[in-house]
There are 2 protein chains.
Amino acid sequence: MARTDLAARGSTPRSNAGTKGVPRAEREQQILAVASLAFGTHGFAATNLSEVARDAGISKPLVYNYFGSKEGLYAACLDDAGALVGDEIERIARGDAVGIERGIRTLDGMFALLDGQRHLWRLLHDRTAPATGAIATVVRQHTERIDKLAHEGVTELLALAGDTDERDISVMTAAWLGIVDSLMDWWVAHPDETAAQMVERVTRLFTALLGDTAGVAR
Amino acid sequence: MARTDLAARGSTPRSNAGTKGVPRAEREQQILAVASLAFGTHGFAATNLSEVARDAGISKPLVYNYFGSKEGLYAACLDDAGALVGDEIERIARGDAVGIERGIRTLDGMFALLDGQRHLWRLLHDRTAPATGAIATVVRQHTERIDKLAHEGVTELLALAGDTDERDISVMTAAWLGIVDSLMDWWVAHPDETAAQMVERVTRLFTALLGDTAGVAR
DNA sequence: GCGATATGACTTCTGGGTAAGTTACCACGG
DNA sequence: CCGTGGTAACTTACCCAGAAGTCATATCGC
């Protein structure tokens with residue numbers, strides 16, 4: 001009220017500063033959401049913090065006040081996304097599925113988890129992010145965890161199919177992560193497709209291509 | 001000689017300008033090679049043209065003289081890489097392989113073609129490149145061609161497996177391109193691995209997972 | 001000499017980052 | 001119920017490094 005009156009009187013245009021009553025924790029979440037989307041969509045290098053601030057409805061210095069730097073903000077986004085994804089993959093890994101079934105269940109979990117924030121997956125694979133410093137540490141931490149779980153699953157799968165060559169496993173792990181990656185991309189490009197539909201599709205495709213044979217223990 | 005003498009006399013440091021006898025066409029190829037590596041490795045946004053010029057052993061204005069702008073240079077790199085990859089994929093598509101066999105042969109061709117320039121594949125999938133203008137046109141042109149060929153191969157494959165759903169085909173095409181992508185990445189990360197070894201590995205993995213069944217017509 | 005090949009030294013502008021100040025909420029004494 | 005001072009939330013306006021892009025000029029082959 002008072003502010004509006006003063007602003008309206010307007011001879012000296014009043015500053016727009018001053019708290020809007022949003023507590024720090026909440027504001028940080030808003031910023032993280034906007035920043036994750038931007039980073040995940042355009043990549044680290046091509047993301048502009050002024051735009052992020054504008055999209056979040058605040059000014060740039062507030063972003064810096066809360067996150068310190070562009071790298072700090074990225075690291076925070078990364079940490080959230082990495083923990084979210086890593087926890088879910090680990091939860092499924094602790095289940096009893098093996099072979100292809102484990103793969104399908106993992107995808108299932110990812111679709112459910114990332115519905116509404118499909119871009120998060122991309123954060124972990126950004127080639128334009130600095131390869132040294134704080135970001136690299138966080139990236140390494142999460143990718144190592146996820147890679148290890150994927151490696152474990154692929155090792156099981158290939159063992160069932162009779163292949164125990166370590167480099168074969170490494171290649172197959174990379175291919176598997178590439179599949180997940182591309183499925184997420186496709187999903188981002190087709191926003192009308194629900195998570196449930198994706199699961200159906202993926203299951204159908206796996207079954208069609210791999211049959212019920214090929215080392216699949218259901 | 002004369003130049004060295006003059007430079008050595010050195011009270012007024014002479015300009016380093018003047019032709020070095022390298023014809024434009026050759027110089028352009030040198031620049032394209034260096035730029036493709038940089039763009040493919042760091043992405044469009046994170047690539048610095050001063051560095052590209054330095055790595056090519058020339059000065060920045062020469063790059064601008066020959067390619068007009070950063071976008072122009074990128075478009076030129078893209079056009080070379082896209083045509084190279086597209087032509088090879090098309091050549092294989094015109095062969096008689098179908099189903100999984102066609103996939104393996106395509107990978108075979110890519111490994112042979114991109115040996116020594118493994119980063120080229122990345123140019124077509126750079127998220128930090130401008131999504132409008134000349135670059136977008138060139139990207140679209142080549143990705144559409146490659147996607148179409150991949151789509152064609154996947155359609156055949158899935159038809160053999162009894163799936164003709166258009167969206168299933170679309171998803172599977174994306175997954176296939178993701179597999180190629182990740183295999184190239186793995187290859188970049190393991191420079192000691194030869195193209196022949198990659199082909200062996202991939203063949204072994206496909207056989208182990210898909211068996212000789214699953215719609216494979218060899 | 002002339003045109004192609006080349007460069008040093010600029011200008012411009014984008015975007016990360018900062019200094020300094022403004023406003024609102026809130027706890028607490030009166 | 002009313003100041004009132006302290007602190008947290010916020011902004012405007014700026015700095016400046018570094019990268020895109022340009023200009024005038026230099027050298028060499030023919």
Side-chain angles (χ1 to χ4, degrees), chain A residues 1-7 12-31 35 38-39 42-75 128-130 133 135, chain B residues 1-7 9-10 12-31 35 38-39 42-75 128-130 133 135:
Chain A
M1 288 290 182
R3 202 160 64 74
T4 306
D5 289 350
L6 287 168
T12 17
R14 308 296 299 235
S15 160
N16 211 9
T19 181
K20 293 166 184 163
V22 181
R24 174 165 185 159
E26 189 181 327
R27 194 60 100 189
E28 281 179 347
Q29 289 310 308
Q30 289 175 6
I31 298 171
F39 284 134
H42 314 301
F44 178 81
T47 294
N48 180 330
L49 277 216
S50 300
E51 271 180 37
V52 169
R54 182 162 44 71
D55 291 353
I58 55 166
S59 67
K60 200 169 49 160
L62 192 58
V63 176
Y64 277 87
N65 189 29
Y66 286 171
F67 294 97
S69 65
K70 187 181 183 181
E71 294 203 8
L73 177 59
Y74 188 75
T128 68
I135 290 185
Chain B
M1 289 291 182
R3 201 159 67 75
T4 307
D5 290 348
L6 286 167
R9 205 174 322 135
T12 18
R14 310 295 300 236
S15 160
N16 210 11
T19 181
K20 292 166 185 163
V22 181
R24 174 164 183 161
E26 189 181 328
R27 194 61 100 188
E28 280 179 346
Q29 290 309 309
Q30 289 175 6
I31 298 171
F39 284 134
H42 314 300
F44 177 82
T47 294
N48 179 330
L49 278 216
S50 299
E51 272 179 36
V52 168
R54 182 162 44 70
D55 291 353
I58 54 165
S59 68
K60 200 169 49 158
L62 193 59
V63 177
Y64 276 88
N65 189 27
Y66 287 170
F67 294 97
S69 67
K70 186 180 183 180
E71 294 203 8
L73 178 59
Y74 189 75
T128 68
I135 290 184

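Worth saying up front: this structure is predicted, and the values here are computed from it rather than measured. Residue numbering restarts at 1 for every chain, and letters A, B, ... go by the order of the sequence lines.
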Colleague: My understanding is that only residues two or more places apart in sequence, or in another chain, count here; which of them pass side chain to side chain contact (heavy atoms under 4.5 Å, CB included) with B:T19?
Modeller: none
Colleague: Identify, with sequence neighbours excluded, every residue that meets side-chain hydrogen bond (donor to acceptor under 3.5 Å, both in side chains) alongside B:Q29.
Modeller: none
Colleague: Taking side chain as C-beta onward, heavy atoms only, is A:R54 less than 4.5 Å from A:K60?
Modeller: no
Colleague: Any non-hydrogen side-chain atom of B:T128 less than 4.5 Å from a side-chain atom of A:H42?
Modeller: no
Colleague: Take the C1' atoms of the five end pairs on each side of the helix from C:dG1-D:dC30 to C:dG30-D:dC1, derive the two axes, and give their angle rounded to 10 degrees.
Modeller: 0°
Colleague: Sort and list the pairs that fulfil ring pair (Phe, Tyr, Trp, His ring centres under 6.0 Å) and have at least one residue in residues 45-68 of chain A, not counting sequence neighbours.
Modeller: none
Colleague: Any idea which heavy atoms bring A:A53 and A:S59 closest together, and the distance?
Modeller: CB-C, 3.7 Å
Colleague: Strictly under 4.0 angstrom, non-hydrogen atoms only: write out the protein contact profile of nucleotides 7-22 of chain D, one letter per nucleotide from the 5' end, B, S or -.
Modeller: --BBBB------SBBB
Colleague: Output all residues satisfying side chain to side chain contact (heavy atoms under 4.5 Å, CB included) with B:P130, sequence neighbours left out; order by chain, then residue number.
Modeller: B:F44, B:E71, B:I135
